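Just so we're clear, the structure is a prediction, and the values are computed from it rather than from any experiment. Hydrogens, waters and symmetry mates are skipped; everything else that's a heavy atom, side chains included, is used.
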Amino acid sequence: MKEQYDFRVIEEKWQKRWEEADIFHVTEDKDKEKFYLLEMFPYPSGKLHMGHVRNYSIGDVVGRYLNMKGFNVLHPIGFDSFGLPAENAAIKHGTHPAVWTSANIAEMEKQLRQMGLSYDWDREACTYKEEYYKWMQWIFIQFYKKGLAYKKENPVNWCPSCQTVLANEQVVDGCCERCKSVVTKKNLSQWYLKITDYADRLLDNLDDDAKMGGWPERVKVMQKNWIGRSYGTEVDFKIVGSDLKFRVFTTRVDTIFGTSFMVIAPEHPYVEELIKGQKEEAACREYIEAAKRQSDIDRTSTTKEKTGQFTGRYVINPLTGAQVPIFLADYVLLGYGTGMVMGVPAHDQRDFEFARKFNLDIIPVVDPGNGEIDFDNLTEAFEAQGTMINSGKYNGMPNEEAIALIGKDFEEQGIGKRTKNYKLRDWLISRQRYWGTPIPMIYCEDCGWQPEKEENLPVKLPTDVVFTGTGESPIATSKTFQNAVCPICGKKATREVDTMDTFMDSSWYFQRYTDARNDQAPFAKEKSDYWMGVDQYIGGIEHAILHLMYARFFNMVLYDLGMTSVEEPFKNLLTQGMVLKDGAKMSKSLGNIVSPEEIIGKFGADTARLFILFAAPPEKELDWSDKGVEGSYKFLNRVWRLVAEIAEQTEGMPAKYILETEDDKQLAYVLNNTVKRVTQDIHKRFNFNTAISAIMELVNEMYRYKDLEDVNMGLLRDCAEKLVKMLSPFCPHIADEMWEGLGYEGFLFKSEWPEYDEKALVKESVEIVLQINGKVKDKMVVPAGLDKAEFEKLAMESEKAQALTAGKQIVKVIAVPGKLVNIVVRG
RNA sequence: GCGGAUAUGGCGGAACUGGCAGACGCGCAGGAUUUAGGUUCCUGUGGGAGACCGUGCAGGUUCGAUUCCUGUUAUCCGCACCA
């Protein structure tokens with residue numbers, strides 16, 4: 001081995017060798033236990049950032065380790081390569097998005113290879129390629145045939161900057177998730193996927209530990225909240241002088257006797273008929289216009305004072321016969337429930353505020369029973385549980401019982417039913433953009449919307465388009481694209497010009513990896529069945545709802561279609577923490593970006609990987625430290641010098657030995673203990689930081705040992721070999737180089753993970769703690785393996801114990817063999 | 001407002017089932033090597049002169065609590081007029 005650790009030469013050398021020997025390519029092998037390891041594939045934005053480096057370093061340790069452990073590890077990579085940045089770059093520079101995209105992919109592939117990641121590149125999947133989007137279109141058609149895709153006109157979220165519609169999930173605080181522009185509403189006819197049909201399954205599986213026990217609790221909670229299932233009752237109120245029914249959804253049907261008004265969302269389709277001809281009509285129209293002008297942010301602000309407008313109409317309470325007024329109010333959301341709400345001011349804070357503003361009755365119907373609430377002088381709504389009052393035959397009943405009973409009674413009388421409601425909406429997947437998968441649908445005047453024939457797929461992206469940025473899909477500017485024939489009647493028809501939300505592409509890529517080069521189907525079932533589900537998925541928390549819910553939904557549909565045998569695609573999920581610099585997220589505006597390219601150039605990929613894995617556990621935030629990186633680099637140099645010295649002194653010597661001195665036994669103990677700790681830290685806990693500390697401790701111990709007078713070279717060699725092996729998942733290049741330096745051929749990736757010897761971990765004597773009243777007073781060395789009685793006797797008879805308890809009354813003695821003796825004394 | 005998480009030296013973090021708090025690293029201090037700096041190697045490094053005190057704060061359970069329980073504060077994250 002050379003004296004100097006030259007990472008530049010070493011890393012290039014081994015990357016080349018790994019590639020030439022094609023060691024990361026895997027195929028199905030029934031004799032081996034499979035492991036599907038997946039990291040979220042990147043968007044090809046240009047260059048890797050530190051978040052990528054962290055994500056892929058974590059994955060690579062797991063992959064390389066499990067491979068050495070004998071698993072058949074599928075570890076694929078690809079690029080999520082449709083999307084807006086490519087199109088914007090195209091508009092700006094006058095190039096085609098494909099040019100920008102493929103150049104970025106080439107650059108990022110190069111960087112990923114420079115990191116020494118153990119990917120099976122033969123399975124690379126890029127979503128912008130025809131061979132991929134062809135199957136995306138095919139899958140969309142299967143959704144359509146199953147009744148899960150439909151086109152509908154609705155008020156939709158529109159981003160004026162991205163010039164396209166957005167799904168609910170892509171609107172954050174009323175702004176576009178990508179560009180932060182304020183989102184407006186537009187009425188458009190768009191394609192939707194019926195994810196709401198799967199709401200219950202998506203929700204219930206979250207609590208099924210057999211399917212999703214390996215997910216972080218907080219991600220599951222976020223998805224639950226997003227799906228937002230609530231149980232309640234739908235009740236129909238008669239509208240005076242109209243055939244329309246005022247149907248409300250409520251979780252608190254027990255409070256129905258306290259209803260003193262009704263509220264309807266101003267944009268509700270019923271409003272027109274309700275207000276027409278009323279003397280309040282003009283005022284209502286003014287209110288509706290004002291509501292329209294508000295952004296979602298203003299409208300949903302909880303600090304805003306309640307507004308509303310009386311419609312002139314009334315409903316009849318089916319239980320009391322009382323007539324109560326109907327108001328328009330923008331605090332009612334059109335998209336949730338029925339868009340109509342019953343107002344119970346005594347027991348709902350929003351209704352309370354509304355009633356105060358408009359001087360409406362506040363009728364208490366649930367009593368807390370402790371006399372603490374003065375219903376004549378309420379300052380806020382009483383929303384907790386209690387006993388029914390003012391509620392006819394339900395009086396005296398706990399209100400929770402009344403909910404069930406009233407629901408049952410309503411069902412019998414045919415005026416209501418117990419039901420469920422969700423916050424989740426159907427997934428709007430149309431985008432008025434070019435750089436995405438064309439929606440393979442054709443509109444025929446006679447036959448309506450029809451899917452393109454499967455043999456005609458892919459519906460290719462046209463190249464003769466103009467990027468105008470006008471809000472219509474650029475595809476519409478193609479001279480030929482829209483010309484089609486109806487797949488049913490053969491008449492002239494028109495093609496859909498919108499493309500799919502790119503979250504569609506990333507909702508099944510993990511299935512494509514199992515059979516990435518298939519040109520007959522998206523993937524063969526037997527390949528999917530061998531590899532799925534994903535045993536470990538690793539990625540950022542920012543995908544907790546969007547990608548991770550869409551992908552679950554997609555996989556459930558593929559499961560229902562019989563294409564795969566696994567319902568939940570991701571068994572275990574690790575959400576890695578962010579990489580920070582000086583306590584803040586790395587960003588261009590803060591100017592605190594550390595580029596992976598620079599770090600790898602200066603210290604090498606092995607150092608970059610080692611630092612990023614050592615500085616924090618994977619799920620926590622990681623604060624970048626230049627000093628820390630230098631420390632990792634120094635450590636690798638320290639290992640290098642140590643192994644080089646041992647390699648030279650033990651050339652041709654086997655790693656065989658007999659333990660003679662106490663120092664031998666001590667080093668053998670540390671060695672075996674390190675193997676045990678590193679194995680457990682990687683395998684069971686994903687605590688790479690502590691695994692690396694354990695390796696560091698072994699290195700420190702080897703340094704102490706090697707300069708002793710009586711040194712056992714066979715033992716040192718064994719230490720060096722195991723050290724190099726344990727280091728290899730973290731720092732694969734330097735490890736392979738040192739392995740070669742120790743006289744071995746081939747790759748550590750193809751070697752076996754070291755085992756530890758339980759016998760070497762048994763010590764002859766142990767240091768124990770002597771406590772008096774729970775406080776540590778002294779330490780003593782006793783023979784190991786004593787039973788409790790012997791142990792206690794020995795400890796109690798020791799000089800130290802005698803001295804410490806002299807003149808005191810011994811109340812109790814607690815002895816934990818091998819660990820401690822605690823003497824409880826008085827006086 | 002609701003839900004979730006976190007809190008340990010100067011810093012990043014360890015302590016796995018309740019049993020020596022601060023592993024490992026960074027930083028700092030001292031020493032050796034070096035013409036010097038850097039590198040490397042060694043030693044020390046929670047506070048306190050000390051008995052002792054120390055894991056956000058206040059209690060509790062226990063022989064014994066960073067770990068379990070109750071309350072509380074702060075910070076971060078998610079959702080938020082969801083009827």
State the CD1-OG1 distance between A/Ile256 and A/Thr233, to the nearest 0.5 angstrom.
8.5 Å
Calculate, to the nearest 0.5 Å, the distance between atoms NZ and CG belonging to A/Lys292 and A/Asp330 respectively.
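If I round to the nearest 0.5 Å, the distance is 14.0 Å.
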Under 3.5 Å, which protein N or O atoms sit close to an N or O of nucleotides 44-52 of chain B? Give each pair with its distance.
{"from": "B/C52", "atom 1": "OP1", "to": "A/Lys777", "atom 2": "NZ", "distance (Å)": "3.1"}

Evaluate salt bridge (Lys or Arg N to Asp or Glu O under 4.0 Å) for A/Asp207 paired with A/Lys224, printing each intermediate quantity in order.
CA-CA 10 Å; A/Asp207 286 327; A/Lys224 278 183 201 172; 2.8 Å; yes
Tell me if the side-chain of A/Lys306 makes a donor-acceptor pair with the base of B/C81, cut-off 3.5 Å, by modelled atom types.
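Pair found.
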Counting only side-chain heavy atoms from C-beta out, which of [options] sits nearest to [X]?
X: A/Pro617; options: B/C24, B/G13, B/A83; value: B/G13
X: A/Tyr703; options: B/A83, B/C81, B/C41; value: B/C41
X: A/Val816; options: B/G19, B/G4, B/G25; value: B/G19
X: A/Tyr336; options: B/G19, B/A83, B/G25; value: B/A83

Face-on cation placement of A/Lys306 at A/Tyr331 ring, 6.0 Å and 45° thresholds:
yes
Under 4.0 Å, counting only non-hydrogen atoms across every strand here, what does A/Val221 touch: a base, just sugar-phosphate, or nothing?
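The residue A/Val221 makes sugar-phosphate contact but no base contact.
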Looking across every strand, which nucleic acid part, if any, lies under 4.0 Å from A/Asn637 by heavy atom: base, sugar-phosphate, or nothing?
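The answer is nothing, as A/Asn637 stays clear of every strand by at least 4.0 Å.
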Between A/Glu767 and A/Asn689, the residue closer to the 5' end of RNA chain B by nearest nucleotide is A/Asn689
If you measure from the Lys or Arg side-chain nitrogens to the Asp or Glu carboxylate oxygens, is any gap between [X] and [Y] under 4.0 Å?
X: A/Glu267; Y: A/Lys185; value: no
X: A/Glu701; Y: A/Arg704; value: yes
X: A/Arg252; Y: A/Asp254; value: yes

For nucleotides [N] and [M], find the distance between their [atom1] atoms and express it as a whole number of Å.
N: B/G25; M: B/A15; atom1: P; result: 16 Å
N: B/G44; M: B/U55; atom1: P; result: 26 Å
N: B/A21; M: B/A65; atom1: P; result: 11 Å
N: B/G10; M: B/G59; atom1: P; result: 24 Å
N: B/C26; M: B/C76; atom1: P; result: 31 Å

Is there any protein nitrogen or oxygen under 3.5 Å from a nitrogen or oxygen in nucleotides 59-66 of chain B, and what are the pairs?
{"from": "B/C63", "atom 1": "OP1", "to": "A/Lys812", "atom 2": "NZ", "distance (Å)": "3.2"}
{"from": "B/C63", "atom 1": "O2'", "to": "A/Asn822", "atom 2": "ND2", "distance (Å)": "3.3"}
{"from": "B/C63", "atom 1": "O2", "to": "A/Asn822", "atom 2": "ND2", "distance (Å)": "2.4"}

Please list every stem that involves RNA chain B, where a stem is a run of 3 or more consecutive Watson-Crick or G-U wobble pairs with both pairing distances under 3.5 Å.
B:1-7 with B:73-79, B:10-12 with B:24-26, B:27-32 with B:40-45, B:56-60 with B:68-72
Based on the glycosidic angle (syn within 90° of 0, else anti), state the conformation of B/G78.
anti
